[in-house]
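Structure first, commentary second.
In what follows, chains are A, B, ... by sequence order, proteins preceding strands, each numbered from 1.
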Number of protein chains: 4
Amino acid sequence: MASVNKVILIGNLGKDPEVRHLEGGVAVARFPLATSETFKDKNGQRQEKTEWHNIVLWRGLAEVAEKYLRKGQSVFIEGKIRTSQYQDKEGNQRYSTEIVADQMTMLGSKGEGGSTSGNYQEQSASAGGYSGGGNTATAGKGASSAFQNDEPDDLPF
Amino acid sequence: MASVNKVILIGNLGKDPEVRHLEGGVAVARFPLATSETFKDKNGQRQEKTEWHNIVLWRGLAEVAEKYLRKGQSVFIEGKIRTSQYQDKEGNQRYSTEIVADQMTMLGSKGEGGSTSGNYQEQSASAGGYSGGGNTATAGKGASSAFQNDEPDDLPF
Amino acid sequence: MASVNKVILIGNLGKDPEVRHLEGGVAVARFPLATSETFKDKNGQRQEKTEWHNIVLWRGLAEVAEKYLRKGQSVFIEGKIRTSQYQDKEGNQRYSTEIVADQMTMLGSKGEGGSTSGNYQEQSASAGGYSGGGNTATAGKGASSAFQNDEPDDLPF
Amino acid sequence: MASVNKVILIGNLGKDPEVRHLEGGVAVARFPLATSETFKDKNGQRQEKTEWHNIVLWRGLAEVAEKYLRKGQSVFIEGKIRTSQYQDKEGNQRYSTEIVADQMTMLGSKGEGGSTSGNYQEQSASAGGYSGGGNTATAGKGASSAFQNDEPDDLPF
DNA sequence: TTTT
DNA sequence: TTTT
C-alpha cells in the first residue's frame, strides 16, 4: 500500500459541462479544463503551452457543475488521476486519462469576479448511501449535497 | 468563499502519539512531526533545518495512530492548517497552529521497510452519523473505520 | 530525510501587503490570508469559520505582491510551513507560524474577474545568483522575475 | 492565466527506470509508477484497484533515478500532468499522458526501511544555464545537482 | 522531539 | 509492471 494519487488543478473550462443522468439518478459531468504555462524559448520569446485535462465529476459535484459551471469559467479541482483502457474500432488497446474530481471550487470568470465562487466537496458515505448534510460549503446557493463516490465500473460512455 | 486550505506532509514522529478518548467515545491523537530540509549555507556547508508540526487526528485516524504509529516512524499526512487562540496564564492572547489530518498513510520506519504501510482516510458523513464501510484502505490490518470529522469546537486540552 | 512540507491555499488578503526592502535589495512581503469553510452545526445551522494565515513572500514574489496584490483579492499560494521561535517581552518562548510562499497566482477580486490573474513562481538559482528569465508565467503584465529563495536566517522582524 | 497543474503521487516502481542520455548530456528517465486504492464492493468484499502512471524525470532527477531507483521501491513524486499527441502507425491521432516530475523523494522499499531515503528537487535557472549548487537536499549521497527543466519539445521517443 |  |  502506501499510496497517494492526488491532482490539483486551477484552469478554465474549454466547454460547458456535458452531463448525463444515469439509471438510479446518478449524475456524471465531464468537461475539458485548460491549464497553461508561459515560458521563454531559447530565443527569449515568451511562449504559452496549454494542457487539456479531461475532468469527470460524480453525483453532487456533477449537479453543481451542471447548474453553475460554464465554458470559460475558472475552477479549482482536486482529485485523482484515472486511466481507462478501451479498445478502438480496429481492436487496439487504447488509454484515456481523466481527472476524477473529489473537490471543486468555482473561482469566477471574466466579468463575474469572485461573486460566483463556491466550494463543493465530494463526500463519502456507506455503501449505497446518501449522506444528506455534511460540512460542505455551498456559498449561499444551496445546491451542494453529499453523495458517495463509488461509481460503477463500466459506464456507458 | 473560494477557499482552499490544504497541507501535505511527509515526516517522522518525534514522539509516540498521545491519545485521548473523549466523552462519547471520540478519540483524538496528537504527535509532533518533523520535516527537515537540507541546504548549503553561504560557505557551501550542508545545513539541515527541521520543522516541527503539531499533528491532530480525530476518531478513526486517531485510533489507527494509537495502534500503529510510534516515535520515529515516517508518515504521509494530508490535512488543513488550524490556528487556535487561547489565553496564557498571564491573560495574553496566544496562538497555536496545528495540522488537522484528514488522511494518513504510514510509510514505514527503520528496519521495517514498507511492511507497516497502510492508507487511512478520514471520511465525512451526515450529522451525528457513523458511516460504516466506505472505500477506505486498511492494508489488510483491519482497524480503519470511517467516522465523521466534525469535532466539537471546545475541547478540554 | 524523506521529507515533504507543502501548503496549498486559496484565500483572500486581509490587508494590503506590507513590504520591506532589506539591505542588499532583497524584498520581503507579508500579508494575512483568509480561508473560510462553512459547515452545519448540530442544529443544522450553516456556520462559517475563517482561518487566518501569515503569508511571507521573498524577492521576486514580494515585488509582484507589492505591485499587484491588494486587500480583498483572491490568490493561490503554494509554499511551506515555517514556525519561528522568539521571546516575548516577559522572556517566554513563543512560536509564530508562517507560510513561506514559493508560488503565487492571482485569481482576481470582485469587479476584476480573471483579468488581473497571473502566475508567479519562485525559482532557485546558484548561490548569490539572480537568474533573469526563466519559465515563469506573467500574464502579459511583465513583472515576474526569477530570484533565488535562500533568505537570511535572522531577519529584523 | 491563473493556472495550476500539480500532481502528487506516492507509489511503487513497476520497473527499473529506463534512462536515456540525449545529445548535450541531458538525461531522461522513465518508469511506470503504481498507486493502488482498496475499497469494498457492493458485496462488502475488499477490492484493490491499481493505477499506473508514466513518470518522466529530467536531468538531475533522471540521474538520481538511474543511480538509486529500482523496481519495487516506493517514491514520492511531485510534478505536472502532460499529455502528448502523436500519430500511431495507422495515422490516427493518439494521446499519451505522463507525469513530469519536478520533485522526487525516495521512501525506501522492503528490507531497506528509510535507509535509502532522500530528497531531490528539480531546480530552475536562467536560460541555458546550469545552476551549480542550490538548496537541494541530497541525503548525503552526493548525486543531486541543479539543472533547468526546459526540456526540448520534440524528443526522439 | 524525529530522521538521514 | 509495483506494493500490501
Side-chain angles (χ1 to χ4, degrees), chain A residues 1-5 83 85, chain B residues 9-18 30-39 46-55 68-75 77 105-120 137-144, chain C residues 1-5 83 85, chain D residues 9-18 30-39 46-55 68-75 77 105-120 137-144:
Chain A
M1 291 298 332
S3 262
V4 172
N5 174 357
T83 300
Q85 297 184 33
Chain B
L9 300 173
I10 293 178
N12 298 87
L13 280 79
K15 297 182 183 173
D16 285 357
E18 196 173 287
R30 289 165 184 273
F31 57 81
L33 188 78
T35 58
S36 49
E37 54 177 333
T38 53
F39 60 96
R46 189 172 303 284
Q47 299 285 348
E48 179 169 317
K49 193 173 174 197
T50 296
E51 198 66 41
W52 286 98
H53 311 272
N54 300 311
I55 308 296
Y68 300 113
L69 288 188
R70 292 296 173 266
K71 175 176 172 175
Q73 281 179 333
S74 175
V75 289
I77 294 282
T105 296
M106 299 170 65
L107 299 174
S109 62
K110 22 170 199 173
E112 297 183 87
S115 64
T116 56
S117 297
N119 284 331
Y120 306 94
T138 50
K141 303 202 179 58
S144 172
Chain C
M1 289 298 335
S3 262
V4 173
N5 174 358
T83 300
Q85 297 184 34
Chain D
L9 301 172
I10 293 179
N12 299 87
L13 280 80
K15 297 182 183 173
D16 286 356
E18 196 173 290
R30 290 165 184 272
F31 56 81
L33 188 78
T35 59
S36 49
E37 56 178 331
T38 53
F39 60 96
R46 191 172 302 284
Q47 299 285 349
E48 179 169 318
K49 193 174 176 196
T50 296
E51 198 66 40
W52 287 98
H53 310 272
N54 300 311
I55 309 296
Y68 300 113
L69 289 187
R70 292 296 171 268
K71 175 177 172 175
Q73 282 179 331
S74 176
V75 289
I77 293 282
T105 297
M106 299 169 64
L107 300 172
S109 62
K110 21 168 200 174
E112 299 183 86
S115 63
T116 56
S117 296
N119 282 332
Y120 307 94
T138 51
K141 305 202 177 59
S144 173

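Between the C1' atom of dT4(E) and the CG atom of Leu13(B) lies a distance of 16 Å, rounded to the nearest Å. Following rounding to the nearest Å, Gln73(D) (CD) and dT2(F) (C1') show an atom-to-atom distance of 11 Å. What separates OH of Tyr120(D) from C1' of dT4(E) is a distance of 10 Å, to the nearest Å. Look at NZ on Lys49(D): it is 18 Å from C1' on dT4(F), rounded to the nearest Å. The separation between Asn54(D) atom CG and dT2(F) atom C1' is 14 Å, rounded to whole Å. One can place CG of Asn12(D) at 7 Å from P of dT4(F), the figure rounded to the nearest angstrom. Between His53(D) atom NE2 and dT1(F) atom P the separation is 18 Å, expressed in whole Å. Residue Leu9(B) contributes atom CG, which lies 15 Å from atom C1' of dT3(E) at whole-angstrom precision.
Here Gln47(D) pairs with Phe39(D), Asp41(D), Gln45(D) under the side chain to side chain contact (heavy atoms under 4.5 Å, CB included) rule; sequence neighbours left out. Partners of Thr83(C) according to the side chain to side chain donor-acceptor pair (under 3.5 Å) rule, which considers only residues two or more places apart in sequence or in another chain, are Thr97(C).
With hydrogens and angles ignored, a donor-acceptor pair under 3.5 angstrom links the side chain of Thr50(D) to the base of dT2(F).
The distance from atom CD of Glu51(D) to atom CD of Glu37(D), rounded to the nearest 0.5 Å, is 8.0 Å.
Asp16(D) places no side-chain N or O within 3.5 Å of a backbone atom of Arg70(D) that could act as its donor or acceptor partner.
Checking dT2(E), dT1(F), dT3(F) against the side-chain heavy atoms of Trp52(B) singles out dT2(E) as nearest. For Glu48(B), the side-chain atoms get nearest to dT4(E) when compared with the rest of dT4(E), dT3(F), dT1(E). In this structure, of dT3(F), dT2(E), dT1(F), it is dT1(F) that holds the atom nearest to the side chain of Lys15(D). Nearest to the side-chain atoms of Pro32(D) among the listed nucleotides dT1(F), dT3(E), dT1(E) stands dT1(F). The side chain of Lys71(D) lies closest to dT2(F) when the candidates are dT2(F), dT3(E), dT2(E).
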